[in-house]
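In what follows, chains carry the letters A, B, and so on, assigned in the order in which the sequence lines appear, proteins first and then strands, with residues in each chain numbered from 1. Note that the structure is predicted; figures quoted are calculated from it, not measured.
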Protein chains: 2
Amino acid sequence: MAIGRSPSVKDVAASAGVSLGTVSNVMNRPEVVSPATRERVERAMAELGFVRNESARQLRAGTSRTLAYVMLEGSNPFFHDVAAGIEMAAEDSDLSLFICNSNGRSGREEVHLDRLMQQRVQGILITPVDPGARHLADIARRGIPVVIVDRVGESGAFCSVAVDDVLGGRIAVEHLVEQGHSRVAVIGGPESIGQVRERLEGARQVWAELGMKPDDLTYLPTAEMTVAEGRSAGERLAGLPARRRPTAAFCANDLLALGLLQQAIGAGLRIPEELAIVGFDDIEFAAAAAVPLTSVRQPRQELGRAAAGLVLDEATNPAHEHQQLTFVPELVARASTVARPRAY
Amino acid sequence: MAIGRSPSVKDVAASAGVSLGTVSNVMNRPEVVSPATRERVERAMAELGFVRNESARQLRAGTSRTLAYVMLEGSNPFFHDVAAGIEMAAEDSDLSLFICNSNGRSGREEVHLDRLMQQRVQGILITPVDPGARHLADIARRGIPVVIVDRVGESGAFCSVAVDDVLGGRIAVEHLVEQGHSRVAVIGGPESIGQVRERLEGARQVWAELGMKPDDLTYLPTAEMTVAEGRSAGERLAGLPARRRPTAAFCANDLLALGLLQQAIGAGLRIPEELAIVGFDDIEFAAAAAVPLTSVRQPRQELGRAAAGLVLDEATNPAHEHQQLTFVPELVARASTVARPRAY
DNA sequence: TTGTAAGCGTTATCAT
DNA sequence: ATGATAACGCTTACAA
């Protein structure tokens, strides 16, 4: 039943009684071939079960029909939403999307990048472990379009798409202060993650500008941005002396916030009365939490879409100029900070 | 700065003053080339920034170094966990993994499948919209290894890896009955989804076997397996007259359960005292919920790993026989069904 | 409108 | 140990 090897244009040509070139024309410029022969060729293709060999096409064409996205953390739905946005854009341009996951490890990232180069992908979208990494610059120098997603490239050597993380941190903490909190925890880490640094930075900035006491902003570092670390931060929070204990927390992403929320509810705290919580990203699960989570929303799919637009521009437009797109994050207030939420 | 085209083996050969074949040997059988020339070639490669062209390699080799997974719903973390398992196995065999998402639409699925064939992937893993679909059988008939994941192929025409969904439904409902519930809701849909049918089937079976009254098992159909539909099912549940209202619910997946949980807590119900909830899949967010969710665990990564093993066997072992691997699901009891959970 | 032939970058076979 | 050469399946001039 199984065939030795799959039929090639040559086989189709033989079967249809035409030449190689004609078969190719049927596929690539059907208008130049007469309806009669075209139909004959198409029938032959169907009969033989011909499937075009993309490698051969690509070898000849010199260009592939694929984009790639190297995500930072497969376990964070945020990145999958970004990927979904990219995929839509890719689909619109009739491109395939290759998705890789570095899992925060620079080594894996490099391995993936290497393979993608071998595959001659049209462009690479990446949320890098380190935007300053040598291997990233190397790729860009080769002329392969690279776009940094969710992070601003430091050198301006590539395009980037991100939200203003500093602003995000600001509006989160500003919101908490508006709600009457005067002792706030900021939770996140490690600080080697740029997004974390900037979100914390924004939080500190606005805290100072609003004239709050520096000591009343407590930083609780975490080793990762996970639910488990959020729970652990909650325990540390609970361990603080009541007088100094923050009445609100700003978490650098939603996974941390979800973990904190779980720990707090488990400990019997009323949310938001005894502890208010703001997350970051606004993933689906934020709104789906038992106490819906206030979060700083990133336009996740939009981010991906815009990034895809930039790679494609770089890939096809000779006049392309690198640009850093910045989206404005938006606070989505829910029950975890306000008893009667403005949004749900 | 940017180079016209990237250097080929030919360029490397010229630069190193050796022949084409020698360069190829350095890459593929380094042991046959003398250390001196090998080093010379390697230096030339580094200087020129040579990157092997995978299309050409593949065209020549006739086979690609990629596996593909077509997932059913990108918005459900369950599938990403399966994908992670596949990826690990792929990595072990030095293969790349191409991830696609059909989003439950048969049309998208077919488009992806088509592209994957053109790419000549080594094998396809898929959680299909419809395991009986024509296009799936067509691919298998072409001799491309296809493995059905999280669903049993109907015809035995391909390998499959799944958990016993009927059993899963059984242990979920058995657990609820053990906890003393005599009115239970089963929530899920649409019934066109095989997993749903079987989980419900198991629920009904065990309900009857335990001698419970048929009318006390209420089926609440949903249009999708999402958090939003879970919430909506919760509202319908709340609308039932108190006498007939179930005191426990078995949801066909965790997203539904999470939605139901949210709705119930929002409505002021105490969990599990006033409503006990069991989900299915045991995704990370089940354990992370405010009230940790009891769930029927699927060995998500294991599923992926095993499936990858089967495709690889089919791809490489001439004596390969199709097989249907079935894992045994396991109940993970948490606070959403037991006041003092056995596990956390 | 259709056929012929060259070439994309690699690998493998056969000489040397 | 190294070099020359054919072949993989396709696209695209160019010729007929």
Side-chain angles (χ1 to χ4, degrees), chain A residues 3-42 44-45 48-66 114-115 117-122 142, chain B residues 3-42 44-45 48-66 114-115 117-122 142:
Chain A
I3 302 93
R5 60 160 187 62
S6 75
S8 70
V9 277
K10 201 147 105 188
D11 301 318
V12 174
S15 163
V18 298
S19 82
L20 239 168
T22 302
V23 177
S24 178
N25 280 336
V26 170
M27 294 192 286
N28 303 304
R29 312 131 75 180
E31 66 283 0
V32 314
V33 30
S34 83
T37 47
R38 182 180 352 161
E39 211 216 320
R40 203 144 37 90
V41 169
E42 272 160 356
M45 283 178 164
L48 269 52
F50 170 79
V51 176
R52 167 215 245 114
N53 183 323
E54 176 63 20
S55 299
R57 205 216 108 261
Q58 179 178 325
L59 175 57
R60 176 64 226 224
T63 165
S64 82
R65 301 295 297 164
T66 14
D114 228 64
R115 256 208 250 271
M117 297 194 58
Q118 299 187 185
Q119 236 118 246
R120 299 293 194 272
V121 293
Q122 282 223 355
R142 279 213 161 71
Chain B
I3 303 92
R5 62 162 184 64
S6 76
S8 71
V9 275
K10 200 148 106 189
D11 301 317
V12 173
S15 162
V18 298
S19 81
L20 257 182
T22 302
V23 176
S24 177
N25 281 336
V26 169
M27 296 192 284
N28 303 306
R29 310 133 71 179
E31 67 282 1
V32 313
V33 30
S34 82
T37 47
R38 182 181 353 161
E39 212 216 320
R40 200 142 41 89
V41 170
E42 271 161 357
M45 282 177 164
L48 269 53
F50 170 79
V51 176
R52 168 215 243 113
N53 184 324
E54 175 64 20
S55 298
R57 208 214 108 262
Q58 178 176 328
L59 174 58
R60 175 64 224 222
T63 164
S64 81
R65 300 295 297 165
T66 6
D114 229 65
R115 257 207 249 270
M117 298 193 58
Q118 298 187 185
Q119 238 119 245
R120 297 294 192 274
V121 292
Q122 283 223 356
R142 280 212 162 71

Between [atom2] on [N] and [atom1] on [X], what's the gap in Å once rounded to a whole number?
{"X": "M45(B)", "N": "dT10(C)", "atom1": "CE", "atom2": "P", "result": "9 Å"}
{"X": "M27(A)", "N": "dC10(D)", "atom1": "CE", "atom2": "C1'", "result": "7 Å"}
{"X": "L59(A)", "N": "dT11(C)", "atom1": "CG", "atom2": "P", "result": "12 Å"}
{"X": "L20(A)", "N": "dT2(C)", "atom1": "CG", "atom2": "C1'", "result": "12 Å"}
{"X": "N53(A)", "N": "dA7(D)", "atom1": "CG", "atom2": "P", "result": "18 Å"}
{"X": "R38(A)", "N": "dG3(C)", "atom1": "CZ", "atom2": "P", "result": "15 Å"}
{"X": "Q58(B)", "N": "dG9(C)", "atom1": "CD", "atom2": "P", "result": "16 Å"}
{"X": "Q119(B)", "N": "dC10(D)", "atom1": "CD", "atom2": "P", "result": "14 Å"}

Whether [X] contacts [N] is assessed here as follows: a side-chain N or O lying under 4.0 Å from the phosphate OP1 or OP2. Is that the case?
{"X": "S19(B)", "N": "dG3(D)", "result": "yes"}
{"X": "R57(A)", "N": "dC8(C)", "result": "no"}
{"X": "T22(B)", "N": "dT2(D)", "result": "no"}
{"X": "S55(A)", "N": "dG9(D)", "result": "no"}
{"X": "N28(B)", "N": "dT11(C)", "result": "yes"}

If you check the [X] side chain, which of [options] turns out closest?
{"X": "S34(B)", "options": "dA1(D), dT1(C), dT10(C)", "result": "dA1(D)"}
{"X": "R60(B)", "options": "dC8(C), dT2(C), dG9(C)", "result": "dG9(C)"}
{"X": "S24(A)", "options": "dT12(D), dC10(D), dT11(C)", "result": "dT12(D)"}

Would you indicate what [X] reaches in the nucleic acid, counting non-hydrogen atoms under 4.0 angstrom: base, sugar-phosphate, or nothing?
{"X": "V33(A)", "result": "sugar-phosphate"}
{"X": "S8(B)", "result": "sugar-phosphate"}
{"X": "V18(A)", "result": "sugar-phosphate"}
{"X": "R29(B)", "result": "base"}

Less than 4.5 Å apart, side chain to side chain, heavy atoms only: is that true for L59(A) and R60(B)? no

Validation row: E54(B), R115(A) side chains within 4.5 angstrom (heavy atoms): no

With nearest nucleotide decided by heavy atoms, which residue, G17(B) or A61(B), maps closer to the 5′ end of DNA chain D? G17(B)

5'-most contact on DNA chain D: G21(B) or R120(B), nearest heavy atom basis? G21(B)

Between P7(A) and G49(A), which heavy-atom pair has the shortest distance, and what is it? CG-O, 3.9 Å

Heavy-atom closest pair, residues M45(B) and V23(B): CE-CG1, 3.8 Å

Is a side-chain donor or acceptor of Q122(A) paired with a backbone partner of S64(A) at a separation under 3.5 angstrom? yes

For residues R52(B) and N28(B), is any side-chain donor paired with an opposing acceptor at under 3.5 Å? yes

